[in-house]
Amino acid sequence: MLTRRIQGQKGVQGIIIVNSEGIPVKTTLDNSSTVQYAGLIHQLVMKARSTVRDIDPQNDLTFLRVRSKKNEIMIAPDKDYFLIVIQNPSD
Amino acid sequence: MKDVLIFFSVITSFLTCVPVVIGVFTLAALRFYFGACSITVWRCKGCQTRVVHSAEAVVQTVSTTISSTQTEPQDQETEQLLLLLQKRDEPEPPGLRDFLQRVEGLVIRELVKNAKSHAFDGLLVNWEDYSQRVSCLHCLQHPSAQERGLHVTSVSWSCTGSVIACAYGRIDDGDWSTERSCVCTWNLNRRGLHTKQADLVIDVPTAVTALCCHPNQPALIAGGLYSGEVVVWDTSRTQDPILAQTGMSADSHREPVYQVAWVPLQRKGEFGVLSASSGGRVLLWTVDSDQGRFVLNAAYALVRQQVPHSSSARFKACGSNTVGVTSLALSPWDPDTFLVGSEGGLLLRCSFSSQTPAAVPSEGQSVTLRAPAVFSFRPRSGPVHSIHCSPFHRNLFVSAGTDGQVHLHSLLQPNPLVSLRVSDSYVFQVQWSPTRPLVFAAATGQGEVQIFDLGRRSPKAAATIVQGDAGQAATCFDFNCQNPHLLAVGKTDGTVGIWQLSTDLTEQSSRESSQLEQIANQVAE
């Protein structure tokens, strides 16, 4: 499995790989959660990236972390794909 | 010997400046020459360990068992299916592997840092106004019911969370009563809410003992009457709100119906009504709205002989044969399980799919009666008034009765995990909070609704709601699932109070689910 190393880290609840159009390509979560995460996070990453580039056009987004009460979502964006990892650090 | 020879060969080759090969030949010659006189260099090293301690012990197995397992040879069919699935897997999207290689290191570093970080420990973010107090928003009354001294027997929020339906009747009646009563609804989100005048009043010929709003359709309300009838009202109809009723047929209950609940049926989106009465019957009805009647789908009868006995229960053979049902709870996790509490204090886990026929003489019902009881929990000393399954853990439920205590049970064990003393008098209803896994509330005969938080180590209540006079019992309450900070409480003086809960009773904290899991995994003594 391509994401075995990441899955084995402490507290990782799920991994989703989304392509540039926001369609999930690989996932370890169930279907409905995957679709939900993929759609919402794609929009968020686009917004974050445009924010960074508006402030400084020479800059670009490299990593996005969203921390919530229950867990943390880490997003590594790229030209063709996004990697979304959901971790519960206190697990 | 070897060292010396090497030394000589090196010297020789150095002096003669010849390649090593000749040096080797020279070495061989030298070796032959020096074979006679042998120069040996000895080196000695010694050590000794400390005294090694040894001891002898003997062990004997008392009993032995042998067990073995063997995997079955994989089915031809499953093998073929697996192959098909693998082939059907699309070829890896282009560039995916490269992307992952690029990104993996960065992500793993962040994950590891995050797992060790204490940066966010104890950080509390307030998005909403933090309300510290529990306050009464409205006190709803229906004057004509109050004049007749009717008690509020049941309250239920509609699925939208804006309408509260209240049923009136009596809780202390022993005799057959022909008193008329009513069901009132108030819409709290409407401008011009009159607390003394209900938006809708439905007249009912007898006392209403149970009420339940439909989980999807806001207009439908199911009710159980003192006469044993089960009715569904459609509040969107202007003329006659009765959508369906059981009437007095051979199928229906003969005793007061103490609980009704909407049950999801086999077909998705359809719901049936489950009614339980003190006559020992639990009946599942489907609504036939065209004909305005109920069709009996399944019938369960509980009799003493068919109640399974757990090891801790002492069977007392006394009184009548039937097990009068006073409370019912459906499990949101397992559609086949339902819990039943009886007048005699029995607490049973039952199954919808049970096929055992009930040991009851047939009275001309359209469906054969079945015995649903599968497991028996430790019985209580008085009637079990209320049971509720936890929406956050599949094995937990709370039960309350006349002993003034609330017992937290696991579905897997006959003895309760935790028993909390809530009041000195009866406890009429207990319900889990829909938002906080560790919180539940109990309505007591002393007129209070006590809210307990299992996360706190104290046996005292986290909050107490006292409404009106202390002499009137709080008979029923309901949490609002859509607006979790609202709680409706009904009392015997005919008033329904709408309370707003403080934020700490409604906001879930991050460790609660795991704490609940810990409580559930305890083993009761």
Side-chain angles (χ1 to χ4, degrees), chain A residues 1-28 31-32 34 37-38 41-42 45 48-49 60-91, chain B residues 82 85-86 88-128 130 268 392-393 435-438 455 484 503-518:
Chain A
M1 179 81 228
L2 292 169
T3 51
R4 214 179 330 119
R5 276 188 67 206
I6 301 176
Q7 253 183 298
Q9 297 299 320
K10 185 165 178 253
V12 171
Q13 290 177 337
I15 300 173
I16 307 170
I17 302 178
V18 177
N19 72 4
S20 48
E21 289 150 25
I23 299 168
V25 162
K26 287 227 184 280
T27 174
T28 62
N31 243 357
S32 56
T34 303
Y37 269 107
I41 289 181
H42 184 76
V45 172
R49 186 166 183 242
D60 208 345
L61 180 70
T62 53
F63 203 77
L64 183 62
R65 286 168 66 164
V66 179
R67 192 174 182 105
S68 68
K69 248 191 335 193
K70 296 188 188 176
N71 53 22
E72 179 153 343
I73 306 172
M74 303 204 182
I75 305 144
D78 196 79
K79 182 162 63 89
D80 305 314
Y81 300 99
F82 297 161
L83 174 68
I84 302 166
V85 180
I86 301 142
Q87 182 193 31
N88 187 350
S90 53
D91 258 356
Chain B
L82 277 170
L85 279 175
Q86 277 166 13
R88 243 198 310 149
D89 233 354
E90 288 126 32
E92 227 175 69
L96 184 63
R97 207 173 271 273
D98 296 327
F99 160 69
L100 277 173
Q101 275 175 342
R102 276 199 299 268
V103 159
E104 212 178 63
L106 169 65
V107 171
I108 289 178
R109 263 201 311 267
E110 291 295 324
L111 286 169
V112 169
K113 258 199 293 182
N114 205 20
K116 292 196 280 208
S117 149
H118 290 286
F120 290 97
D121 278 2
L123 175 70
L124 283 174
V125 174
N126 289 328
W127 278 101
E128 290 168 13
Y130 194 82
K268 201 169 180 236
F392 291 98
H393 196 287
T435 48
R436 283 202 58 195
L438 293 172
T503 318
D504 62 347
L505 289 173
T506 50
E507 292 262 314
Q508 202 182 68
S509 74
S510 47
R511 307 302 322 268
E512 278 194 56
S513 304
S514 50
Q515 276 182 304
L516 192 67
E517 186 75 38
Q518 273 181 337

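Since the structure is predicted, the reported quantities are computational estimates derived from the model, not experimental observations. A, B, ... follow the sequence lines: proteins, then strands. Residue 1 opens every chain. Reckoned from all heavy atoms, side chains included, excluding hydrogens, waters and symmetry mates.
- Between atom CZ of residue Arg65(A) and atom CD of residue Glu110(B) there is a gap of 5.0 Å, rounded to the nearest 0.5 Å.
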request  = Step by step, work out the side chain to side chain contact (heavy atoms under 4.5 Å, CB included) result for Thr3(A) and Glu104(B).
outcome  = CA-CA 8 Å; Thr3(A) 51; Glu104(B) 212 178 63; over 6 Å; no

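- For the pair Thr62(A) and Leu106(B), the tightest heavy-atom approach, listed with the atom from each and the gap, is O-CD2, 4.4 Å.
- Scanning all heavy atoms of the two residues, the minimum distance from Leu111(B) to Gln87(A) falls at O-NE2, 3.2 Å.
- If you tally non-hydrogen atom pairs under 4.5 Å between each of Gln101(B), Lys116(B), Arg102(B) and chain A, the highest count goes to Arg102(B).
- Put simply, the side chain of Lys10(A) does not reach to within 4.5 Å of the side chain of Val112(B), judged on heavy atoms.
- Summarising the geometry of Phe82(A) relative to Phe99(B), their closest heavy-atom pair is C-CZ, 3.8 Å, with the distance given to 0.1 Å.
- Residue contact with chain B, scored on non-hydrogen atoms closer than 4.5 Å, is absent for Ile75(A).
- Sparse packing is recorded around CG of Asn31(A), with 12 or fewer heavy atoms of other residues, nucleotides or ligands lying under 6.0 Å away.
- For the atom pair CD1 (Ile6(A)) and CG (Leu100(B)), the distance works out to 6.0 Å, reported to the nearest 0.5 Å.
- Looking only at atom types and distance, the side chain of Lys69(A) has no donor-acceptor partner in the side chain of Gln508(B) under 3.5 Å away.
- Distance check: Met74(A) CE to Asn114(B) CG gives 4.0 Å after rounding to the nearest 0.5 Å.
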request  = Determine, step by step, whether Val103(B) and Tyr81(A) satisfy the side chain to side chain contact (heavy atoms under 4.5 Å, CB included) criterion, reporting the C-alpha distance in whole Å, the side-chain angles of both residues, the deciding distance to 0.1 Å, and the verdict.
outcome  = CA-CA 10 Å; Val103(B) 159; Tyr81(A) 300 99; over 6 Å; no

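- Separating the OG atom in Ser117(B) from the CZ atom in Arg67(A) is a distance of 6.0 Å, to the nearest 0.5 Å.
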